[in-house]
Structures are given as C-alpha cells and as structure tokens.
Amino acid sequence: MEEKKRSSFSGRIGFVMAAAGSAVGLGNIWRFPYLAAKYGGGIFLLVYILLAVTLGFSLMVSEIALGRKTKLSAIEAFSTLNKKFKFLGILASAVPVIILPYYSVIGGWVAKYMVVFMTGGSAQAAQDGYFSQFISAPVEPAIWFVLYIIATAVIVLLGVEKGVEKASRILMPLLVVLSVIIAVYTSVQPGALEGIKYYIMPDFSKFSVKTVLAAMGQMFYSLSLAMGIMITYGSYLKKDGDIEASVKQIEIFDLLIAFLAGLMIVPSVFVFSGGDESQLQTGPGLMFEMLPKVFDSMPFSNVVGAVFFVLVLFAALTSSISLMETVVSIVQDKLHWSRKKSSIAVLIFTIAVGMLSCLGYGPLSFISVFGMAFLDFFDFISNSVIMPIVALLTCLFISKVVGVDPIVEEVKLSSAFKREKVFRVMIRYIAPICIIAILVSNLLSYFNIFVI
C-alpha cells in the first residue's frame, strides 16, 4: 500500500532532472569556484572529477537504491532494513534540517544581488564593503531570506511531479544554457587566458593532501550525498528507472555546471586583478565581492550581472527545493500529515532557525558558537562532521549489515550495472578509508583554529 500511496516521478528523465537539480546548486556555483581557486585550480579540478566518478558514483548509487528498495525516506529506510540502524536515518535526516535554513539565507543574498543588477545597480554592488554592509543590516537580509524560502515552499507544496519535477525540468536546461553563455563571455575578455590556464591545466606542484580532502568534502556537498536527499528521491523512482544511467547523467550535470562556474569566476579574477593570484584566496565571498566589480567593468554590466545572478538563483532554488522536499517527506512519513500541513510546518521551522544565521552577521553578531557565527557553525557541523559520519556509517551498513548483494540486485532490476566491480570495491574498502580521512582532517582543522 505504501508504494501506491507514495508520490513518484513521471519517469527517469523527471527523476534525473530533479536529482541533478539537487546536486547542482550553490555548491557548484558559489562553493566550487572558490575552492578550486584556493587549492590549485587545474589539479583541484582533476582530483574532483576522479573522486566524483568513483567514490561519488558509488555513494549515490547506494543511496538511490536504498530509497527505491524501501520506498521510504531516510529514517524509515534504514530502520526497515535493520531496526538497530534507525539512528543512522535520524542522523542523515538531521543534515537537511540543519542545512536548509542557512542555505536559504544565502539564497536570499543571491536574490538581493539579482534584483540590484536588474534595477541598474551594478556600480553600487561593486563598491568596497557593499556585501558586508548588506549582510550586517538588521532588516533587509531577513526580508530576502523569507521571500526566498517562501518561493521554495510553494514549489514543494505543489508536490513531486507538479512541483519538484516540473520546476527542475525548466530550471536545469536554463542553468546549462546561461552557464555556457557567461563562461564564453568571460573567457574572451583580455587577461582571461592566464586564468583559464590556471583553472584547466593541472599543476602537480600544487597537489597536496589538503587538495584531495577539499575536493572530497566538496563532492559530498555538491552531489547532495549523506543528507538523506538521494534516499528520498530514490523512494520516488519507479522500479523500471535505470539507476546506473541516472547517476551518470546526474554526475554529468553536476560536473558540467561546476566546471562552467569555475570558468566564469576564476578567469574573471585574473581579468580584474591583472593576474594577481592572491585575489584567488578571497574565499566564500569571492562571488559576492569580486564578481560585481568584474561585471561593473564590462559593457552592459547590469545585463551580465543580472543574468549571472538569475543563474545562481536557479541553482540555489533547485537545491533548496530538494532539501525542503526531504524534510517534508520525513515529516509526512513520521507524523502522517498531509503534504500541505507538512510543508507549512517545515516553512515555519526554517524561518525560525534561519533567522539565527540571517542576523548572525548583524544584530546577533555578538553571539558566537565555539568561536563561529551561526551560519559558519551550522555549515561546519553539517558538512564537516555529520555528513562524513553518515557516509561512513552508510558504507558500513551496506557492506557489513545489509550486504552489498541486495543493493546490487536492486540496481540490476533496471540496469546492466557495468560498474558493479568498482562499486563493490569502493563501498567495502576505499570509501570508508577516504571518509575517515575527511572526518579526521576536518576535526583537526577545527581544533587548530579553536586553539589559535
């Protein structure tokens, strides 16, 4: 009865578009470029691609297969297969619950910049201190945050096929088209060639353990792994949906958008700074602080800037939709509420918790959690601690508790599973070692910062 009642995607294309929409988000357009810039450009790009098609592929196949096999969201999926592992479902479900509020705050920032450029404010946005003044204001960031999360909730409220799938079918192709246009435009600007070389050509002298760990951490964030999202989306996938082919297509979307985002942003830093590589270390503020200056120096600056931030807004929405859909699905499964009631409850919760991150750089800046602002703390605890733990326990759950064979059999219901050998080796041996390395590195990095 559960399978008949549960919402589902209309077909594999709808599933791929929705899952790719989840994978393609601020992680690709905001986070990937500044990490690539910081950790060696081309060598970071190469390491990321290798990890995505091996480790990332195996983890995504596992989560989608778990979801389709049980037809349940993360909490119930794990407990159905083994009651002792219900805690793992709860832990996985905690990730989107933590991420959605602060992610939506950043989505509000993107919406603000889009409107600024649409209304001819490129020169204003390019001024030094504009971004910091905006995020520290007492009221305006909150308004944009609330508008953004309401837009997300409306799409989720419409349901899987009419809301999530339909939005993703429209937004994903637009993302690709807009990315190509802006990347080409940036690449032909004077001085961009050096930036393109830095970004595309691997410089093995810049390779380090930090490069691998940063690329691995980005892979989890970007591919929506260890969040319960792919389990939830897998639960909506029909039995004739080819899981292996779907994961390949999702990865292609993810890699393409990430690559194009880097091609938009990294060369543009060289264009504006005159080749000063120190500007590549700007960090998370790279997109909001550097690019408005770049756009302002270009012809039709307001048009270029508006199109870019429309692109980023689309990317943010496709991911926040998947985050909220996952949380709504959990509420529906646990409390047996309607989609409408669940969506409204999640919306209220997100606004309440998100306000901490939203005001954490302004009125609440005097409060810190372990030396971090609210948004930074939520980002650290979800991405650097809980997600690696969930990924590690999922690998152990599959290899030691459920067994790899049931997952392989689920995939083979609709797929030849050509990469079965790679999958088995990754889940049993390589993935756990890599994930432990990420977790240890993240914790050591935190304690070093804390001590200092």
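All of these numbers come straight from a predicted model, not from anything done at the bench.
Residues R68 and E410 are paired through a salt bridge, judged by an N-O separation under 4.0 Å between the basic side chain and the carboxylate.
Here the two rings, on F44 and F32, have centers that are under 6.0 Å apart. Between F288 and Y113, the ring centre distance stays below 6.0 Å. Residues F85 and F87 place their aromatic rings such that the two centres sit under 6.0 Å apart.
V115 is listed as a side-chain neighbour of W144, based on a closest heavy-atom distance under 4.5 Å. Taking 4.5 Å as the limit, every side-chain heavy atom of F309 sits out of range of all side-chain heavy atoms of V116. Residues Y236 and S329 form a side-chain contact, since some pair of their non-hydrogen atoms from C-beta on lies under 4.5 Å apart. Residues D203 and I43 are not in side-chain contact: their nearest non-hydrogen atoms beyond the backbone lie 4.5 Å or more apart. At least one side-chain heavy atom of S58 sits under 4.5 Å from a side-chain heavy atom of I427. The shortest side-chain heavy-atom distance between M355 and V146 falls under the 4.5 Å cut-off. Residues F78 and T394 are in side-chain contact: their nearest non-hydrogen atoms beyond the backbone lie under 4.5 Å apart. Within the 4.5 Å cutoff, no side-chain heavy atoms of M114 are placed close to those of V312.
Between the OH atom in Y48 and the CG atom in L35 there is a gap of 10.0 Å [rounded to 0.5 Å]. With rounding to the nearest 0.5 angstrom, the OH atom of Y233 is 11.5 Å from the CD1 atom of I64. One distance of note links OG of S319 with CD1 of I106; it measures 11.5 Å at 0.5 Å rounding. Considering OG1 of T119 and CG of N302, their distance stands at 7.5 Å, rounded to 0.5 Å. The distance from the CD1 atom of I196 to the CD atom of Q189 is 10.5 Å, given to the nearest 0.5 Å. Taking CD1 from I398 and CZ from R428, the interatomic distance works out to 11.5 Å, rounded to the nearest 0.5 Å.
T232 and S235 share no side-chain donor-acceptor pair at under 3.5 Å. A donor-acceptor pair shorter than 3.5 Å cannot be found between the side chains of Q218 and Y39. Using modelled atom types, one finds a donor on one side chain and an acceptor on the other under 3.5 Å when comparing S320 with Y148.
When all heavy atoms are compared, the tightest approach of M324 to L347 is CE-CA, 4.3 Å. Taking each heavy atom of G107 and L313 in turn, the nearest pair found is O-CD1, 4.1 Å. V404 and S399 make their closest contact through CG2-CA, 4.0 Å (heavy atoms, listed as atom of the first residue, atom of the second, distance). Here the closest heavy-atom approach between residue Y361 and residue D376 is recorded as OH-OD1, 3.3 Å. Closest approach of S301 to F295, counting heavy atoms only: CB-O, 2.6 Å. Taking both residues in full, the closest heavy atoms of I99 and M387 are given as CD1-SD, 4.2 Å, listed atom of the first, atom of the second, then distance.
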Quiz item: Could you go step by step and tell me if F378 and M372 meet the side-chain contact (heavy atoms from CB on, under 4.5 Å) rule?
Solution: CA-CA 9 Å; F378 289 135; M372 293 178 274; over 6 Å; no
Practice problem: Go through the steps for K248 and R419 under the test side-chain contact (heavy atoms from CB on, under 4.5 Å), then give the verdict. | Solution: CA-CA 11 Å; K248 287 179 183 177; R419 282 197 268 178; 3.4 Å; yes
Practice problem: Please step through ring pair (Phe, Tyr, Trp, His ring centres under 6.0 Å) for the pair F259 and Y199, ending with a clear verdict. | Solution: CA-CA 9 Å; F259 174 77; Y199 178 58; 5.7 Å; yes
Exercise. Could you please spell out the steps behind the side-chain contact (heavy atoms from CB on, under 4.5 Å) verdict for N442 and L439?
Key: CA-CA 5 Å; N442 290 340; L439 181 60; 5.5 Å; no
Quiz item: Would D254 and L223 count as a side-chain contact (heavy atoms from CB on, under 4.5 Å) if you check the C-alpha gap in whole Å, the side-chain angles of each, and the deciding distance to 0.1 Å?
Solution: CA-CA 7 Å; D254 176 78; L223 291 175; 3.4 Å; yes
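The aromatic rings of W109 and F131 stand perpendicular to each other, their planes meeting at an angle above 60°, with 30° marking the opposite boundary.
Without hydrogens or angle criteria, S136 side chain to Q133 main chain gives a donor-acceptor distance under 3.5 Å. Panel note: side chain E140, backbone F134; no donor-acceptor pair is recorded below 3.5 Å. Between the side chain of E63 and the main chain of L225, no donor-acceptor pair closer than 3.5 Å is present. Of the possible polar contacts, one joining the S246 side chain to the D242 backbone as a donor-acceptor pair under 3.5 Å is found. Within the 3.5 Å criterion, the main-chain N or O of I438 finds no donor-acceptor partner in the side chain of S441.
Checking I229, V95, I250, T326 one by one against S224, the side chain to side chain contact (heavy atoms under 4.5 Å, CB included) holds for a single residue, I229.
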